[in-house]
Amino acid sequence: MTDSTVHYAVDGRIATLTLNRPERLNAIDDRLPADLEAAVLRANADDAVHVIVLTGAGRGFCSGYDLKFFAENPRGIYGSQEMPWDPMVDYALMKKNTEHFMSLFRSYKPVIAKVHGPAVAGGSDIALCCDLILMADEAVIGYPPARVWGCPTTAMWVYRLGPEKAKRMLLTGDLIDGREAQRLGLVYQSVPLAELDAAVQALTARMQGIPRNQLMMQKLMINQAFHNMGLETTQMFATLFDGITRHSPEGVRFKARCEEVGFAQAVKERDSGQPIP
């Protein structure tokens, strides 16, 4: 995995997976989803590993899909078809990425997300697929593309927050800091950035002594409740809707604006709170 976008390391019973595109705040390119699943599978195949920690290199956890590539380049690229578009082509593409992210959820070994910097848009999808999230007070999490050009394909917001608080997040696209995320129940714990490593170490130290089969059984039992609530059906709709958002009239205008002025300015306009045309 020397050329992977996800760095893999093991220390004792802990495997650490590090999203490794720090120059782009670990933004998701066309390789990272598959690289992430490969790292999860590697940790699951290692009998020495009991617990997995997922984090990001540099200043961010994950800033979402790399809009400099996906939004600034003209249509006919990965994720943006020429119009008219084929929704099933888009669904197959994005469902594959969703399944890559859900490898964290399906992992037989517990996964702790260590969020020290932004976990935004698709980056929040990745974080919310983990079993427990520990977050720095100063970090932010949210799904701004809920305003235009996105629907969270993993749909984990509703399963972690319930309907009302999930609507509060996805009907605004707001970002919230670690303290607010803990207050809402979105993350397990929020601490000052200087204390985040110690908090993660304390939790992994408590979990790593438990037999792998015990960890696996507890996680499978809890996850089954999500499946019984219709997780797969919800994700099917969410992934279809995500494709629609990128090819709707508003999505087409947003994409054109990204090509015209760059994604950073287009996102600033989208998230300003002003009415979206």
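This is a predicted model, so every value here is computed, not measured.
- I210 belongs to a hydrophobic cluster whose remaining members, ordered by chain and number, are L215; membership requires side-chain heavy atoms of ILVMFWY residues under 4.5 Å apart, directly or through intermediates.
- Here the closest non-hydrogen pair linking V115 and A127 is CG2-CB, 4.4 Å.
- With a 4.5 Å cut-off between side-chain heavy atoms of Ile, Leu, Val, Met, Phe, Trp and Tyr, the cluster of I244 takes in M83, W85, M88, Y91, M236, F237, L240, F241, V252.
- Atoms NE2 and SG, from H100 and C129 in turn, are 12.5 Å apart once rounded to the nearest 0.5 Å.
- Of all heavy-atom pairs spanning M169 and L161, the tightest one is CG-CD1, 4.0 Å.
- At least one side-chain heavy atom of L104 sits under 4.5 Å from a side-chain heavy atom of L36.
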>> For D29 and R24: C-alpha separation, side-chain torsions, deciding distance, then whether salt bridge (charged side-chain N to carboxylate O under 4.0 Å, His left out) applies.
In response: CA-CA 10 Å; D29 64 4; R24 300 290 303 142; over 6 Å; no
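- Nearest heavy-atom pair, A155 versus Q235, reported as atom, atom and distance to 0.1 Å: CB-CG, 4.4 Å.
- Although no hydrogens or angles enter the test, the distance criterion places no donor-acceptor pair under 3.5 Å between the side chain of R212 and the main chain of Y108.
- Listed by first and then second residue, the ring pair (Phe, Tyr, Trp, His ring centres under 6.0 Å) pairs that reach into residues 116-150 are W149-F254, sequence neighbours excluded.
- Applying the ring pair (Phe, Tyr, Trp, His ring centres under 6.0 Å) test to pairs two or more places apart or on separate chains, those with a residue in residues 150-199 are Y159-F226.
- Between L128 and L186 there is a side-chain heavy-atom pair separated by less than 4.5 Å.
- Applying the 4.5 Å side-chain rule to ILVMFWY residues, one finds that I77 remains a lone member of its cluster.
- Residue T154 is tested with N97, T98, D125 for a side chain to side chain donor-acceptor pair (under 3.5 Å); the sole match is D125.
- With hydrogens and angles disregarded, no donor-acceptor distance shorter than 3.5 Å links the side chain of R13 to the backbone of A48.
- A salt bridge is absent between E164 and K167: the closest approach of a Lys/Arg side-chain nitrogen to an acidic carboxylate oxygen does not fall below 4.0 angstrom.
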>> Apply side-chain contact (heavy atoms from CB on, under 4.5 Å) to residues V200 and I14 and explain how you reach the verdict.
In response: CA-CA 11 Å; V200 171; I14 310 300; over 6 Å; no
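- A donor-acceptor pair is defined here as one N or O able to donate and one able to accept, closer than 3.5 Å; no such pair exists between the side chain of E250 and the backbone of I276.
- Residues C62 and I28 come closest through the heavy atom pair SG-CG1, 3.7 Å.
- The shortest heavy-atom contact between A71 and C258 is O-CB, 3.5 Å.
- Annotation: side chain to side chain donor-acceptor pair (under 3.5 Å) contacts involving residues 44-57, sequence neighbours excluded, comprise N44-S107.
- Both F61 and L184 sit in one connected hydrophobic cluster of ILVMFWY residues. Membership requires side-chain heavy atoms under 4.5 Å apart, directly or through other members.
- Linking ILVMFWY residues whenever their side-chain heavy atoms come closer than 4.5 Å, directly or via other members, places V6 and V10 in the same cluster.
- Both F105 and I141 belong to a common hydrophobic cluster when Ile, Leu, Val, Met, Phe, Trp and Tyr are linked at side-chain heavy-atom distances under 4.5 angstrom.
- With hydrogens and angles disregarded, no donor-acceptor distance shorter than 3.5 Å links the side chain of T18 to the backbone of N20.
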> Yes or no on side-chain contact (heavy atoms from CB on, under 4.5 Å) for L17 and V40, after CA distance, side-chain angles and deciding distance?
Replying inline: CA-CA 8 Å; L17 316 184; V40 173; 3.9 Å; yes
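- Listed by first then second residue, pairs satisfying salt bridge (Lys or Arg N to Asp or Glu O under 4.0 Å) with a partner in residues 174-189 read D137-R179, R168-D174, D177-R179, E180-R183, not counting sequence neighbours.
- The other residues sharing a hydrophobic cluster with L175 are V120, V140, where clustering joins ILVMFWY side chains under 4.5 Å apart.
- By the 4.0 Å N-to-carboxylate-O rule, E37 lies too far from K96 to be salt-bridged with it.
- Side-chain N or O atoms of T245 include one that pairs as donor or acceptor with a backbone N or O of G150 at under 3.5 Å.
- When all heavy atoms of K109 and V49 are compared, the closest pair comes out as NZ-O, 2.9 Å.
- Rounding to the nearest 0.5 Å gives a distance of 12.0 Å between CD1 of I222 and NE2 of H227.
- By the ring pair (Phe, Tyr, Trp, His ring centres under 6.0 Å) test, F70 pairs with Y65, Y78, sequence neighbours left out.
- No side-chain heavy atom of V191 sits less than 4.5 Å from a side-chain heavy atom of L134.
- Residue C130 is tested with I112, V187, V111 for a side chain to side chain contact (heavy atoms under 4.5 Å, CB included); the sole match is V111.
- For N228, the side-chain hydrogen bond (donor to acceptor under 3.5 Å, both in side chains) criterion is met by Q224, not counting sequence neighbours.
- Distance CE/M135 to CD/Q189: 12.5 Å, rounded to 0.5 Å.
- Counting only residues at least two apart or in different chains, ring pair (Phe, Tyr, Trp, His ring centres under 6.0 Å) contacts with residues 256-277 are absent.
- Among pairs with a residue in residues 219-244, those fulfilling salt bridge (Lys or Arg N to Asp or Glu O under 4.0 Å) read K95-E232, D131-K219, D242-R246, at least two apart in sequence or across chains.
- Placement of M229 and M102 within a single hydrophobic cluster is found when ILVMFWY residues are connected by side-chain heavy-atom separations under 4.5 Å, directly or transitively.
- I126 and L231 end up in the same hydrophobic cluster when Ile, Leu, Val, Met, Phe, Trp and Tyr side chains are linked at under 4.5 Å.
- Taking CD1 from I52 and OH from Y8, the interatomic distance works out to 7.0 Å, rounded to the nearest 0.5 Å.
- The backbone N or O of T5 sits less than 3.5 Å from a side-chain atom of D35, completing a donor-acceptor pair.
- K255 places a side-chain N or O within 3.5 Å of a backbone atom of N73 that can act as its donor or acceptor partner.
- Shown here is Q214, whose CD atom has more than 12 heavy atoms of other residues, nucleotides or ligands within 6.0 Å.
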